[in-house]
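A short worksheet on the structure shown next.
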Amino acid sequence: MIQRLPPPTQKSDKEETGPTEGESWTTRLRVLTDAGRHGEALALLRRMFRHPNPPPDASTLPAALLAAAALSLPSAAAQLHSRAISSGSLAHPFVLTALLSSYSRLSLLPLSRRLFADVSPSAPAATLVVAFNALISGHARHSLPSGALALFRGMRRSALPFNAVTLLALLPSCAHSAVPPLHACAIRVALTGEPSVANCLLSAYARAGAVDLARQMFDEMPNPKQLISWNAMISGYAQNGLAPRVLDLYREMEQSGEVEPDPVTLVGVLASCAHLGADSVGRRIERYIAQNPAHGSNIYLKNALINLHARCGDLARAREIFDMMQKRSIFSWTAMIAGYGMHGHGVAALQLFERMRASGIRPDGVVMVSVLSACSHAGMTEEGLEYFSKMERLFGVVPGPEHYACMVDLLGRAGRLEQASDLIKSMPVEPDGAVWGALLGACKIHKNVELGELAFKHVVKLEPMNVGYYVLLSNVYSDAGRLDGVARIRSMMRRRGLRKDAGCSYMELEGSVHLFVADDHSHPQARRIYEMVVKLEALAKEACGVESKKDELRNEKGKILPVTGFHSEKLAVAFGLLNTEAGTEIVVIKNLRVCEDCHLFMKVVSNIANRKFVVRDASRFHHFEGGVCSCKDYW
DNA sequence: GTCCGTCTTG
C-alpha cells in the first residue's frame with residue numbers, strides 16, 4: 001500500500017501528528033520506519049504512550065525497536081523491552097526477535113544472548129530458527145565469526161532447519177575454511193539455486209582467494225545473470241589483483257547485453273585499469289559515466305577516476321576532477337596525494353595533505369603511507385622524519401609495518417643505511433617482508449653487500465617465494481663484482497623453482513595496447529624496433545660516451561652472460577618513436593623497476609630525439625625530458 | 001509485522 005506522506009522535516013515532538021482517520025498508530029509508525037524517518041517514528045511512539053487509546057500492542061513494538069536501534073538509542077530499546085515484559089508480549093516471536101536484533105545492532109550483544117537463553121526450547125521451530133538467525137547475525141556483525149558458527153552448529157544439533165537468511169548472515173564474515181562446508185550445507189538443502197545465496201557464496205569464495213571456485217559458481221548461474229552477480233565476480237577478481245581478468249569479464253558483460261554496468265561495476269573496472277595503466281579503457285568508461293547523469297555525482301566513481309588518471313600519468317586531469325568535487329572523502333585526498341607522490345611532487349603532496357587536515361579530515365594509516373612515500377620519492381628526508389614523528393602524537397595513527405617500510409625506504413635512499421637498520425631494531429611491531437625489502441633495496445642503491453645479505457636473510461624467511469628479493473641481492477652482488485654470490489642466488493632460485501619475472505612494458509597507440517617483453521620478437525614491427533634500439537644505443541654512446549655495463553659477468557662455467565639485453569622499456573620507447581609524431585608524449589607502463597642502464601638510455605634519448613617519455617615502473621613515475629628525469633636519479 | 005545479504009574507491 002502506498003501512503004501519501006509529507007516530505008521529511010525536522011518537526012519537534014509536539015508537532016508530530018497522530019494517525020489520520022482510518023489509519024492505525026501502528027500502520028503510521030511502520031510507514032515512517034519504512035521511509036527511514038526513525039526520529040519521527042519515535043516521536044509518534046512517545047505520543048502513543050501518552051495517549052494510549054487504543055493502547056500500543058505487540059504489533060507496534062518491532063517497528064519501534066527498529067527505529068530505536070537505527071537511532072542508536074539503547075535507552076529507548078530498554079524502555080520498549082520493559083513494555084514488552086509488562087504487556088506480556090515478550091514471548092511473541094516478532095517482538096522477541098526484533099528485540100534480539102535491536103540489542104545486537106546497539107552493540108549490546110550480551111543482552112541479546114541473555115534474551116536468547118530465555119527462549120523456551122519447546123517454542124515453535126519457526127520461532128527458534130528466526131531467533132537463531134538474529135543471534136547469528138549479531139555475532140557476525142560484531143566480528144565474532146566463530147561464535148556465529150558455533151551457534152549454527154547448535155542449530156543443527158537441535159535439528160532445526162536453517163534457511164537462506166541463516167547462510168546470508170554467516171557467509172560474509174566467516175573464515176575462509178568455513179566456506180566449502182557452508183556451501184555443502186546449502187547444496188544439501190537445495191539453497192544454491194537461491195540467487196542471493198549463490199551470490200553470497202561466490203563472494204565468499206572470492207574473498208577467500210578461491211577465484212576459480214567463484215568463477216565456477218558464476219558460470220553455473222542461469223542466464224541472464226543478475227547485475228549483482230557480475231559485480232561480485234568483477235570485484236572478486238579486482239580484490240585478488242587479477243586486473244586482466246577484470247577487463248576480460250567486463251568485456252564479456254558488455255557483449256552479453258544482459259545488463260548495464262552500474263557504479264559498483266565501474267569502480268571495480270576502473271581500479272583494474274589504474275592498476276594496469278589501461279588508459280584507453282579507463283577513458284572510455286569516463287565518457288560513459290559523463291553520459292549517465294545518474295552516475296556523474298557518485299563519489300566512488302570520482303575517486304576511482306582520480307586514481308585512474310594519476311596512475312596513468314595524467315596528473316592534471318586527476319587534479320581537475322579532484323578540484324571539481326563538491327564533497328571529498330579521505331579516499332579522494334589519498335588518491336590525489338599518492339598521485340603527486342608517485343610523480344615525485346613531494347611539495348604538492350604535502351601541501352594537499354595540510355589542506356586535507358585543515359578541512360577537518362583526520363589522517364588515517366593509508367594516507368600517511370602516501371605522505372611518507374611522497375617524501376621518500378622526492379628526497380624530502382627531513383620532512384618525512386617529521387611527519388613520521390607526528391603520526392602518533394598529533395594524528396593518533398599508530399605506525400604499522402607499512403609505515404616503517406616507508407621510513408626505511410626514505411632513510412635508505414638518502415644513504416642513511418645505519419639509521420634505517422637502527423629504526424628496524426627499534427620497531428615495537430615485528431618487521432614484515434616490506435620493511436626488510438626496503439632495506440635490501442637501499443643496499444642495492446648504495447652498494448652495501450654486508451647489510452644487503454642481512455636484509456635478504458630476513459626477507460627470504462618472510463617471503464620465500466618473492467622473486468624480486470632474490471634478483472635484488474643478486475644485483476647487489478653483481479654490482480660489487482661478487483660473482484660467487486650471483487651464482488649462489490641463482491642456484492638457490494633454481495632449487496626453489498623460482499624464475500625471474502620477465503620484464504614487460506606496454507604503451508597504447510590509437511586505443512590498442514602494444515606489449516613488449518625483454519628480448520622478445522613477437523611484435524609485428526619487431527625488426528624495425530630492434531634496429532631502432534641499436535641505432536639509439538649507438539647514438540647515446542656517442543653522445544655521452546657511456547658504455548653498457550658489466551660485459552665481464554660470467555656464469556659458473558665461465559661463459560660470458562649477455563647482461564644488457566633488449567629491455568622491454570627500450571623496445572616500447574623505440575616503438576613509440578617510430579609510430580608517433582614529433583612532440584607527442586610517449587607513455588610507457590612497466591611491470592618491474594627500470595634498471596640504471598635503461599634509465600640512462602631514456603634520459604639521453606629524450607634529449608637526442610627531443611621527446612618527452614613518461615614511464616611508470618613498479619615504484620613510481622619517471623618523466624624524461626631534455627636529458628634529465630623527474631626523479632633526479634633518485635629512485 | 002520479526003531474522004539476512006550478495007556489489008564500491010585510497
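Residue numbering restarts at 1 for every chain, and letters A, B, ... go by the order of the sequence lines.
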Which part of the nucleic acid, if any, lies within contact of A:Asp364, taking any heavy atom under 4.0 Å across all strands shown: a base, the sugar-phosphate backbone alone, or nothing?
base
Ranking B:dT2, B:dT6, B:dG1 by distance to the side chain of A:His92, first place goes to B:dG1
Would you call the rings of A:His345 and A:His343 parallel, tilted or perpendicular, where under 30° means parallel and over 60° means perpendicular?
parallel
Got a list of side-chain donor-acceptor pairs under 3.5 Å for residues 121-136 of chain A, not counting sequence neighbours?
{"residue": "A:Ser122", "atom": "OG", "partner": "A:Ser120", "partner atom": "OG", "Å": "2.6"}
{"residue": "A:Asn133", "atom": "OD1", "partner": "A:Thr166", "partner atom": "OG1", "Å": "2.7"}
{"residue": "A:Asn133", "atom": "ND2", "partner": "A:Asn163", "partner atom": "OD1", "Å": "3.3"}

Closest of B:dC7, B:dT8, B:dG10 to the A:Ile330 side chain is B:dG10
Can you tell me the distance, in whole Å, between the CD atom of A:Gln226 and the C1' atom of B:dT6?
9 Å
Short side-chain N/O contact to B:dT9 OP1/OP2 from A:Asn307, under 4.0 Å:
no
Whether A:Arg328 engages the ring of A:Phe322 as a cation-pi pair (distance to the six-membered ring centre under 6.0 angstrom, angle to the ring normal within 45°) should be assessed.
yes
Would you indicate which nucleotide in B:dC3, B:dG10, B:dC7 comes nearest to any side-chain atom of A:Val367?
B:dG10
Looking only at the side chain of A:Ser101 (C-beta and beyond, no hydrogens), which of the listed nucleotides B:dT6, B:dC3, B:dG10 gets closest?
B:dC3
Are OP1 or OP2 of B:dC7 and a side-chain N or O of A:Gln239 less than 4.0 angstrom apart?
no
Starting the side chain at C-beta, find the nucleotide from B:dC7, B:dT9, B:dG10 nearest to A:Val264.
B:dC7
Is the distance between the ring centroids of A:Phe353 and A:Trp333 under 6.0 Å?
no
Using whole Å, report how far CD1 of A:Ile289 lies from C1' of B:dT9.
12 Å
May I ask you to say what A:Ala338 touches in the nucleic acid, namely base, sugar-phosphate or nothing, with a heavy-atom cut-off under 4.0 Å?
nothing
Contact class for A:Ser137 (heavy atom, under 4.0 Å): base, sugar-phosphate, or nothing?
sugar-phosphate
Checking contacts here: which listed nucleotide (B:dC3, B:dT6, B:dC4) is nearest the side-chain heavy atoms of A:Ala134?
B:dC3
Identify which nucleotide among B:dT6, B:dG10, B:dC4 has an atom closest to any side-chain atom of A:Val165, counting heavy atoms from C-beta outward.
B:dC4
Show me, pair by pair, the donor-acceptor contacts under 3.5 angstrom made by side chains of residues 236-245 of chain A, not counting sequence neighbours?
{"residue": "A:Tyr237", "atom": "OH", "partner": "A:Arg215", "partner atom": "NH1", "Å": "3.3"}
{"residue": "A:Asn240", "atom": "ND2", "partner": "A:Ala206", "partner atom": "O", "Å": "3.0"}
{"residue": "A:Asn240", "atom": "ND2", "partner": "A:Gly236", "partner atom": "O", "Å": "2.8"}
{"residue": "A:Arg245", "atom": "NH1", "partner": "A:Asp212", "partner atom": "OD1", "Å": "3.3"}

So which nucleotide from B:dT8, B:dG1, B:dC4 ends up closest to the side chain of A:Ala169?
B:dC4
Side chain of A:Arg141 only, heavy atoms from C-beta on: which candidate in B:dT6, B:dC4, B:dC3 is closest?
B:dC4
Does a side chain donor of either A:Arg355 or A:Ser359 reach within less than 3.5 Å of an acceptor in the other side chain?
no
Do the side chains of A:Arg251 and A:Glu254 get close enough for a salt bridge, i.e. N-O under 4.0 angstrom?
no
Regarding B:dT2, can its base be found pairing with the side chain of A:Thr97 as donor and acceptor, where the two atoms are less than 3.5 Å apart?
yes
Quick check: do A:Tyr387 and A:Met391 have side-chain heavy atoms less than 4.5 Å from each other?
no
Among B:dT8, B:dG1, B:dG10, the one nearest any side-chain atom of A:Thr334 is B:dG10
Whether A:Phe331 stacks on the six-membered ring of B:dT9 base, 5.5 Å and 30° limits
yes
Can you list, in residue-number order, the parts of residues 63-80 of chain A that come under 4.0 Å of DNA chain B, counting heavy atoms only?
A:Leu66
